[in-house]
Amino acid sequence: MRQLDFSNGKVEVLTLDELKATQTENYSNTQTPVGGIYHFDLIRRIVDHLDQAGLNPEIQEIFAANNADRYRPGVTVNQDLFREYGDFAVETHTLRRIYANINLPDGRNGETGLNVAVAYHQKGIQIGVGPYVYVCHNQTIVGAQDVFSTQRISQARGCEVLVKNVEDILTQFRGYLQDFAARRDEITRFVEDMRQHWFEEVHFNRLVTLLMTSRIRKDHPHRNIHTKTGYALSSSQINESVARYLINAVERCQTGDLDQGFPVSTWWDALNDFNFVLKGDKIDIPALIPQHVGLSDAFRTVYNEYFG
């Protein structure tokens, strides 16, 4: 018997079969799933679309997370089912916050492939496609054109506005896959460009300034600077990402420490150091894919300023 433990905000990893075994929710007096689709069915249909497009999808991992929503928390346990299934068995849980990684192996690079990220939560669904580093499970989403969402991605942290239903999103996703070969080539070129340029101190300083400024503008109430546009990283995420980049860059350059000079890395290494904090088991699931888009936008903005 598989038991789940979400105490202290813990995230659980499940298989698709285990997810399917959890309790489902329908609108009152109907057989219609809350949100328009069950989480396991959403993942299954995305896998089917990818398979039909010849992309050989592989489900890498599925995360379930809790949150403190008063009316529909991320996890609800029905203790009346303990006698039938056992204490805290998979079958006794209703799960409302799910994040899945679906890998698309292509054989072009043993280190980096493509991934489809799927977020299912109380506010809707999001699907994002982009490069994926296998060893550290790092996801990158290159641009908003690679995201399909029932919320306005431009609102990033929050995504409150429902703009499309699930079937609209899945139809758009199928259309995207019809011309995916061209988009895959564009994504590959993005990665290669990032690998071929050095991320120097001037670039680092400009990027951190941009990330901090966008965060301050979003959080500050003064009308002269406040913006509704979501930020890529929170203050704590910026701090963690800057520290991770500097530590890893020093190790890559083998300079000893920062007193020996600023360590230079490739843009691709820098991007992966910064987006390491953006994982399904680390942050609020509704914000995850929008933050990935925001971080790539910030990197692209600085990159274009210096390299056109």
Measure the shortest side-chain to side-chain distance between [X] and [Y] over non-hydrogen atoms and say whether it is less than 4.5 angstrom.
X      : Y      : answer
Asn26  : Val34  : no
Ile125 : Ser149 : no
Lys218 : Lys228 : no
Phe262 : Leu246 : yes
Glu12  : Val90  : no
Ile98  : Leu95  : yes
Gln126 : His121 : yes
Leu114 : Leu55  : no

Minimum heavy-atom separation for [X] and [Y], please, with both atom names.
X      : Y      : answer
Ile285 : Ala119 : CG2-CB, 3.9 Å
Gly294 : Ala232 : C-CB, 3.4 Å
Lys10  : Asp5   : CD-O, 3.2 Å
Phe6   : Ala64  : CE2-O, 3.3 Å
Glu25  : Tyr38  : O-CE2, 3.5 Å
Val142 : Ser296 : O-CB, 3.7 Å

Test applied, side chain to side chain contact (heavy atoms under 4.5 Å, CB included); reference residue, Asn67; option that passes from Arg96, Arg97, Arg72: Arg97
Main-chain N/O of [Y] paired to [X] side chain as donor or acceptor, under 3.5 Å:
X      : Y      : value
Gln139 : His292 : no
Thr112 : Val133 : no
Ser241 : Ile238 : no
Asn272 : Trp268 : yes
Gln237 : Ser234 : yes
Arg184 : Asp179 : no
His39  : Tyr120 : no
Asn115 : Ile102 : yes
Gln172 : Ile169 : no
Asn66  : Val75  : yes

Check the pair Arg215 / Asp219 against salt bridge (charged side-chain N to carboxylate O under 4.0 Å, His left out), numbers first and verdict last. CA-CA 6 Å; Arg215 197 278 306 165; Asp219 288 345; 3.5 Å; yes
In Å, rounded to the nearest 0.5 Å, how long is the span from [atom1] of [X] to [atom2] of [Y]?
X      : Y      : atom1 : atom2 : answer
Ile141 : Ile187 : CD1   : CD1   : 9.5 Å
Arg206 : Glu201 : CZ    : CD    : 15.5 Å
Glu305 : Arg300 : CD    : CZ    : 13.0 Å
Thr209 : Phe204 : OG1   : CZ    : 9.0 Å
His93  : Glu91  : NE2   : CD    : 10.0 Å
Met194 : Phe307 : CE    : CZ    : 9.5 Å

Is there a path from [X] to [Y] through hydrophobic residues (I, L, V, M, F, W, Y) whose side chains come within less than 4.5 Å of each other?
X      : Y      : result
Trp267 : Val264 : no
Phe276 : Leu288 : no
Val202 : Val250 : yes
Tyr231 : Ile225 : no
Leu4   : Phe82  : yes

Would you please test Val13 and Phe63 for side-chain contact (heavy atoms from CB on, under 4.5 Å) and show each step? CA-CA 5 Å; Val13 179; Phe63 297 105; 3.7 Å; yes
Suppose clustering is done on Ile, Leu, Val, Met, Phe, Trp and Tyr with side-chain heavy atoms closer than 4.5 Å. Which residues sit in the same group as Tyr85? Leu81
Assess whether side-chain contact (heavy atoms from CB on, under 4.5 Å) is satisfied between Phe148 and Ile46, documenting all intermediate values. CA-CA 12 Å; Phe148 307 86; Ile46 290 172; over 6 Å; no
Is the distance from the ring center of [X] to that of [Y] below 6.0 Å?
X      : Y      : value
Phe299 : Phe274 : yes
Trp198 : His203 : no
Phe199 : Tyr245 : yes

What's the verdict on salt bridge (charged side-chain N to carboxylate O under 4.0 Å, His left out) for Asp41 and Arg44, showing C-alpha distance, side-chain angles and the deciding distance? CA-CA 5 Å; Asp41 196 33; Arg44 179 192 61 80; 2.4 Å; yes
How are the rings of Phe173 and Tyr176 set to each other: parallel, tilted or perpendicular (split at 30° and 60°)? parallel
Neighbour count >12 (heavy atoms, 6.0 Å) for atom CG, Asn224: yes
Holding to side-chain hydrogen bond (donor to acceptor under 3.5 Å, both in side chains), I want the full list of residues that pass it with Glu61, two or more places apart in sequence or in another chain. Asn101, Tyr132, His137
Would you please test Arg195 and Glu192 for salt bridge (charged side-chain N to carboxylate O under 4.0 Å, His left out) and show each step? CA-CA 5 Å; Arg195 283 181 169 144; Glu192 292 306 314; 3.1 Å; yes
Step by step, would you call Leu42 with Leu170 a side-chain contact (heavy atoms from CB on, under 4.5 Å)? CA-CA 9 Å; Leu42 173 65; Leu170 291 174; 4.1 Å; yes
Output, in order, the C-alpha distance, side-chain angles, deciding distance and verdict of side-chain contact (heavy atoms from CB on, under 4.5 Å) for Leu50 and Arg45. CA-CA 9 Å; Leu50 294 167; Arg45 288 181 63 181; over 6 Å; no
How far apart are the C-alpha atoms of Arg252 and Ser265, what are their side-chain angles, what is the distance that settles it, and do they pass the side chain to side chain donor-acceptor pair (under 3.5 Å) test? CA-CA 7 Å; Arg252 285 190 290 262; Ser265 296; 3.0 Å; yes
Between Asn275 and Thr140, does a side chain to side chain donor-acceptor pair (under 3.5 Å) hold up when you go through it step by step? CA-CA 7 Å; Asn275 72 19; Thr140 299; 2.9 Å; yes
